[in-house]
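Order of the sequence lines sets the chain letters (A, B, ...), proteins ahead of strands, with each chain counted from 1.
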Amino acid sequence: MLLAHVALPVPMPHPYSYAIPARLAARVALGSRVLCSLGSRRLVGVVVAKGEGDPPPKVKPLLDLLDDEPSLSPALPEELLAFLRDLSAYYLAPIGEVMRLALPPIERAVARALEDSLFETKKGISARKVQTVIATDSVEAKALGGQAAAILAHVRAIGETPLTRLEERWKSARAAVKKLASLGLVTTSTREVAADSFFASPAPRDVPPELTAPQAAATEAIAASLAAKAATTFSLHGVTGSGKTEVYLRAIVAARAQRRGSIVLVPEIALTPQLVARFRARFGDDVAVLHSGLLPRERLAMWKRLRAGELDVAIGARSALFAPVRDLGLIVVDEEHDPSFKQEEGIRYHARDMAILRAHRASAVCILGSATPSLETEHLCRTGKAKKLVLPDRARAQAMPAVEIVDLRRMGPGPTGDKRISLPLHRALEATLAARAQAILFLNRRGFSPAVRCEACGELCACPSCSVALTFHKRHGERLRCHYCDYETPFPERCAKCQSPSLALEGLGTEKLEETLSAAFPEARVARLDRDVATGRTVDTVLGRMRAREIDILVGTQMVTKGHDLPHVTLVGVINADAALSLPDFRAAERAFHLLVQVAGRAGRGDAPGRVLIQTYTPDHPAIVHALRHDVNAFIERELADRREVGYPPYSRVALVRVDHPEESVARDACTLLAEVARQAAEAAGGEADARVQVLGPAAAPLARLRQRFRFRIMLRSSDRAMLRRTLLAVERARGQVARGVRTAIDIDPVQLL
DNA sequence: TCGTCAGTTAAA
DNA sequence: TTAACTGACGAG
């Protein structure tokens with residue numbers, strides 16, 4: 001019997017086998033999308049293997065083949081298919097769910113439509129409309145249950161909310177909203193949404209500039225690898241303004257010359273409109289820009305055009321890694337060090353690592369570009385797995401801004417009385433305002449105060465499910481919010497533990513900083529930029545106001561450090577550099593360093609020389625010392641040495657554990673032991689551990705049920721390196737105890753796979 | 001007795 | 001993941 005092995009979007013590690021009916025036999029290929037019935041459901045899957053053989057006892061036939069357009073068949077080209085299988089094996093992720101990453105999201109709707117045989121191919125793109133939900137003033141007559149109550153509370157707190165946003169969080173939001181609407185508690189309305197903002201204005205073509213010598217050398221090296229079809233990873237190290245983008249553009253041209261396509265990954269596409277603009281200026285509209293604002297239909301259109309080879313360049317965030325680009329020749333990862341390349345929910349993957357993998361599989365070139373390369377990339381260079389290309393800083397002549405340290409141990413508070421607005425910072429703000437220039441203040445804490453403590457018994461208000469301190473948000477009705485899980489509750493009247501009414505706000509968030517500054521500088525226009533005020537596209541609105549000089553002082557989180565030219569900013573203040581340094585992450589120092597270098601780069605790139613003030617209690621910390629001198633190499637050297645000293649692998653912190661033993665009881669014991677070790681290690685480290693256990697072999701089926709229980713995370717809530725070493729030793733020891741059939745992969749280096 | 005709920009199981 | 005099934009419970 002002819003069988004098709006199909007990866008279906010269910011969390012099972014194996015594909016399902018179906019009989020290929022005669023009428024489809026000629027057309028079903030590897031990578032084809034097929035409609036299958038699984039239990040009582042109908043699902044769209046991808047054919048990952050074909051063959052004759054013994055059918056499983058309950059084999060069913062394929063229902064249909066979805067690749068109706070011959071030019072787009074099969075849906076997933078061989079190269080992409082092979083890559084997805086590697087990714088699935090590497091991250092122990094269910095094959096079907098991985099395949100789904102690469103399929104256009106409209107498939108759900110298609111499958112449903114097929115089921116109802118209502119499917120009709122509508123050409124053209126419908127108007128962009130979005131349905132929103134607004135709470136009315138009426139009060140519910142009787143208590144509501146479950147989702148309806150939660151949704152009502154949410155809409156009342158947040159205000160007008162798109163229905164799709166609600167559906168992300170509550171599965172049956174649509175039904176619940178319908179019910180609420182019938183009770184008169186909410187109303188819905190449909191509004192038109194602005195067209196795709198990236199293509200709103202025509203792109204004036206640019207003229208390719210003359211390359212500098214280092215640019216030319218880099219371009220040449222890349223073109224040579226492309227011409228030789230030699231899979232090569234390049235680390236392109238150059239500060240902002242050193243011309244990395246021009247190298248990307250030339251590399252794409254070189255790939256094109258060989259009729260090969262390119263993928264460009266950026267950390268957050270919404271924050272990089274000017275990079276997109278440069279690509280459009282060079283290549284016109286022949287660039288697929290994949291961003292979150294696309295409607296499913298538009299996304300599908302892009303997908304098809306890429307698949308058909310009509311477009312050969314795709315730009316986007318993480319997920320653009322799975323673009324069906326034809327004859328892939330090049331993958332660029334811009335701002336390679338950025339942590340947002342790591343997908344942390346659903347299928348977990350690191351887009352930078354997987355970009356290297358996909359490029360190698362396709363005999364393509366991978367360029368990792370950054371002004372502050374990650375230690376992982378440096379490690380690849382040192383182990384000969386990547387080649388280093390350096391663009392010296394030609395902008396150095398324009399003078400880097402003067403970076404000054406404000407030692408909070410010695411410096412008293414400024415006139416506001418708040419220690420976090422020190423005297424030097426206060427004076428610098430005054431000077432900036434007097435000069436009619438702009439200032440950016442960076443504070444990595446959203447909300448008003450990051451903690452609320454009972455003054456009677458000392459208890460912190462904590463999230464019931466995450467046991468993390470709740471942040472007080474003044475706007476949106478004085479509520480406490482958990483920044484991990486979005487749990488929300490009104491500000492309590494009394495302490496939950498001792499009923500005392502004296503609850504004190506602790507610490508400083510962006511909301512409070514904004515308020516304090518508005519009071520201290522009444523003549524200044526103070527604005528705030530963080531996730532609470534700006535989501536996705538609205539970031540641009542705030543930055544637009546900044547560029548138009550409608551804002552004097554901008555207070556913000558991470559967001560203010562990324563992208564965008566703000567030429568009138570002459571002062572950048574880091575309120576508390578130690579906040580970034582004490583994050584519960586072994587990469588805290590590295591990230592703080594990246595942040596400080598980036599933030600410093602924001603000052604004075606325009607008409608006036610800039611000033612950067614970094615407030616800290618630990619001015620001697622290497623991340624701060626080296627950021628002061630803009631010395632990336634010295635920092636990397638120091639950090640690598642530090643990590644070596646505690647025995648931490650240079651690559652990744654994730655521990656994957658595979659248990660492969662035929663004896664169920666042994667496999668079970670191994671799982672139990674590893675889970676226990678992780679739990680204990682995590683407890684000792686004051687946090688959780690990040691590891692996953694997968695059971696392979698004959699014991700897999702009986703233990704599959706228990707998989708949930710064996711999934712655990714180690715997240716070190718301590719920057720204590722000795723603790724880190726103890727944790728790793730504990731996991732190593734456990735590996736020794738259950739040695740037979742247990743493999744652990746703690747040091748994950750994707751290039752080892754190649 | 002029926003409906004609801006939480007927990008279990010199988011899906012090719 | 002999802003849907004179907006199971007047994008336990010409590011309201012009527």
Side-chain angles (χ1 to χ4, degrees), chain A residues 1-22 24-25 28 30-66 84-85 87-88 91-103 105-116 142-150 167-176 179 343 345-349 465 664 668 671 692-696 698-711:
Chain A
M1 185 188 281
L2 243 191
L3 294 174
H5 306 287
V6 182
L8 291 169
V10 289
M12 294 303 202
H14 54 82
Y16 289 79
S17 308
Y18 289 85
I20 305 179
L24 298 177
V28 171
L30 292 190
S32 290
R33 286 177 302 168
V34 285
L35 188 68
C36 309
S37 73
L38 182 74
S40 60
R41 288 184 292 167
R42 284 168 175 217
L43 297 169
V44 175
V46 176
V47 177
V48 290
K50 254 171 59 162
E52 312 228 7
D54 296 338
K58 283 185 245 171
V59 72
K60 289 184 195 172
L62 290 178
L63 296 177
D64 211 344
L65 178 71
L66 270 94
L84 293 167
R85 290 164 84 167
L87 189 147
S88 157
Y91 286 112
L92 310 180
I95 182 78
E97 310 225 294
V98 171
M99 293 288 154
R100 186 157 57 171
L101 292 174
L103 294 174
I106 204 153
E107 291 317 330
R108 244 168 192 281
V110 171
R112 205 175 303 136
L114 273 172
E115 195 171 354
D116 305 341
K142 57 172 185 174
L144 292 158
Q147 295 201 345
E167 279 186 309
E168 284 166 17
R169 198 154 146 199
W170 293 283
K171 231 188 64 204
S172 48
R174 201 165 279 269
K179 186 170 146 204
Q343 170 72 266
E345 37 188 53
I347 302 292
R348 293 166 166 250
Y349 62 92
S465 40
E664 188 193 327
R668 180 193 293 264
C671 288
R692 288 170 57 195
V693 181
Q694 190 188 45
V695 185
L696 304 170
L703 288 180
R705 273 186 316 113
L706 299 170
R707 214 177 37 173
Q708 267 323 95
R709 216 188 299 161
F710 292 134
R711 199 175 270 185

Between CG of A/L8 and P of C/dT2 the distance, given in whole Å, is 14 Å
Pairwise side-chain contact, A/V34 with A/L66, heavy-atom cut-off 4.5 Å (strictly under)
no
Using a heavy-atom cut-off of 4.0 Å across all strands, would you classify A/V10 as base, sugar-phosphate, or nothing?
base
Could you list the donor-acceptor pairs under 3.5 angstrom formed between side-chain atoms of residues 8-20 of chain A and any protein atom two or more places apart in sequence or on another chain?
{"residue": "A/S17", "atom": "OG", "partner": "A/H5", "partner atom": "ND1", "Å": "2.8"}
{"residue": "A/Y18", "atom": "OH", "partner": "A/S37", "partner atom": "O", "Å": "2.8"}

Starting at CD1 of A/I95, measure out to OG of A/S88 and round the result to the nearest 0.5 Å.
4.0 Å
Only counting residues at least two apart or in another chain, list the ones meeting side-chain contact (heavy atoms from CB on, under 4.5 Å) with A/P61.
none
Going by side-chain hydrogen bond (donor to acceptor under 3.5 Å, both in side chains), name the residues that satisfy it together with A/K50, two or more places apart in sequence or in a different chain.
none
Any side-chain N or O of A/S40 under 4.0 Å from OP1/OP2 of C/dA4?
yes
Polar atom pairs (N or O), protein with nucleotides 5-7 of chain C, under 3.5 Å:
none

In whole angstroms, how far is the P atom of B/dA10 from the OH atom of A/Y16?
12 Å
Protein-nucleotide distance (A/H14, atom NE2; B/dA12, atom C1'), rounded to Å
9 Å
From CG of A/L38 across to C1' of C/dT1 the rounded distance in Å is 10 Å
Return the value, rounded to whole Å, for the distance between atom CZ of A/R42 and atom P of B/dA12.
13 Å
Taking the side chain as everything from C-beta on, heavy atoms only, tell me whether A/L62 gets closer than 4.5 Å to A/V28.
yes
A/L43 has an atom CG; how far is it from atom C1' of C/dA3, in whole Å?
11 Å
